[in-house]
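Since this is a predicted model, take the numbers as computed values, not measurements. Both counts, for ligands and for their atoms, begin at 1 and track the order of listing.
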Amino acid sequence: MTSVMPTYNRFPVSFVKGEGSYLEDEDGKRYLDGLSGIAVCALGHANPRVAKAISDQAATLLHTSNLYEIPLQTKLAERLCALSGMDNVFFCNSGAESNEAALKLARKLGNQRKIDTPVVITMEGSFHGRTMATLTATGNSKVQTGFAPLLSGFVQVPYNDIESINSLAESNESVVAILVEPILGEGGVRIPDDNYLPHLRQVCDRRGWLLMLDEVQTGNGRTGKYFAFQHSSIVPDVVTTAKGLANGVPIGACLARGDAAEILVAGTHATTFGGNPLACAAALATIEQLTDGVIDHAAEIGVAMVQGLRKALRGCNLVKDIRGKGMMVAVELHEPCVDVVGRALDCGVLLNVTADSVIRLLPPLNLSTPDAEKLVKTVADLVLERT
Ligand SMILES: *Cc1c(COP(=O)(O)O)cnc(C)c1O
């Protein structure tokens, strides 16, 4: 037994340093990082400009609390609003917390409307975090088992299913919001039909519901646009994000627009660390680089990776589907394949399997073409050796 609570199944490897898309372990073995710490280190490891921003800020001022003005927080909020078309931002420290803020915002709206039990619609197969509210919102019983009682005020419907939303719109007077991932991340890189978000937008407009997008994983350039909803023509009322926002420094954000931006007022929500100068400096240095060509690069390389995988795995009957959006790339097999992760590790490549049978790549967005080709070849070889 170790002194760390055993909540994780860990691979027996520890990394001592990183540079760009590569990590190095204690024995000096190098690994190509096809996972970026689960969509976090989008600029790769030890990014010089992020490192400098962090170290300069640490030597100047780490934290003052939200009792006082924080100019870097204001600057970051303005930057995110300009990038997204949203009006204001609440800063916190993780993805789950950003969704907590969104869920509190929705409940507050319900309370204002004098609805006894305001209901938020979420999706089967979704993932929204591990706090009580976000695990209740999550559409995966593995995340919920053992934590009863869950919260009231949530209804789940199948993902990418417009009919079930329509029938709730007819029958449920207590709904205040839909919380949905533009692409299911942990749920297996499921990309919905092009008309899905526009339809949700329409229902929300008709019914006065909030459309709240969980872009914790899809945000910050991951899919080839700053936010994934920007592939469509719609604008949500609320967007949450976290993972890639500061390239590894913990930070989360809940963005809101229009009436939704006026719901969480002074005294209704708070966090000690949220949006402190260090995290904001790191986020600003990250965004500066992401928006300076890196996101466009990710869009291109992502397409090339999907094409490369389709070519290398053409005719392989183990493969159910190969899909991707930007640098969120997946090979879905007809069988469980969690063992692929360990085999890739032996080959010096980090990747991940989610939803049991989906090999998922979330590489740094500034991945080079040769490294993209290496990832494609490794994944293809590992799939082909199963046949
Ligand atoms: C990772 C993730 C979360 C939870 O983020 P944490 O920082 O682990 O709390 C929430 N939603 C989505 C879509 C995620 O991918």
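In terms of protein heavy-atom proximity, atom 15 (O) of ligand 1 is nearest to K243 NZ, 2.5 Å. Here the heavy atom of the protein found nearest to atom 5 (O) of ligand 1 is G95 CA, 3.3 Å.
At most 12 heavy atoms of other shown residues, nucleotides or ligands fall within 6.0 angstrom of atom CZ in R343. Atom OH of Y196 has more than 12 heavy atoms from other residues, nucleotides or ligands within 6.0 Å. For D346, the CG atom sits in a packed shell: over 12 heavy atoms of surrounding residues, nucleotides or ligands are nearer than 6.0 Å. Enclosure of atom CD in E69 is not indicated, since only 12 or fewer non-hydrogen atoms of other residues, nucleotides or ligands lie within 6.0 angstrom. Shown here is K29, whose NZ atom has more than 12 heavy atoms of other residues, nucleotides or ligands within 6.0 Å.
Of the protein's heavy atoms, at least one falls inside 4.0 Å of atom 9 (O) of ligand 1.
Side-chain contact check for H231 and T223: at least one donor-acceptor pair (N or O, by modelled atom type) lies under 3.5 Å.
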Mind running side chain to side chain donor-acceptor pair (under 3.5 Å) on N366 and Q289 for me, showing each step along the way? CA-CA 10 Å; N366 55 6; Q289 295 175 82; over 6 Å; no
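Residue contacts with ligand 1, taken as heavy atom pairs separated by less than 4.0 Å, involve N99 solely via side-chain atoms from C-beta onward. Contacts between A242 and ligand 1, counted as non-hydrogen atom pairs separated by less than 4.0 Å, are absent for every part of the residue. In E181, the part holding a heavy atom less than 4.0 Å from any atom of ligand 1 is the side chain. The residue E97 has no part lying near ligand 1, judged by heavy-atom distances below 4.0 Å.
When the options T218, D214, L213 are ranked by their closest heavy atom to atom 11 (N) of ligand 1, first place goes to D214.
Against a heavy-atom cut-off of under 4.0 Å, H128 is close to the following atoms of ligand 1: 10 (C), 11 (N). The distance from ligand 1 to the heavy atoms of Q217 drops below 4.0 Å at these ligand atoms: 15 (O). Which parts of ligand 1 touch S94 is read off a 4.0 Å heavy-atom cut-off, strictly below it: atoms 7 (O), 9 (O).
Between G129 and ligand 1, a contact under 3.5 Å exists for no N or O pair. For A96, a nitrogen or oxygen atom sits less than 3.5 Å from a nitrogen or oxygen atom of ligand 1, counting backbone and side chain alike.
Checked options K52, R49, K75; the residue passing with E288 is R49 (criterion: salt bridge (Lys or Arg N to Asp or Glu O under 4.0 Å)).
For R386 and D339, the salt-bridge test passes: some basic side-chain N is under 4.0 Å from an acidic carboxylate O.
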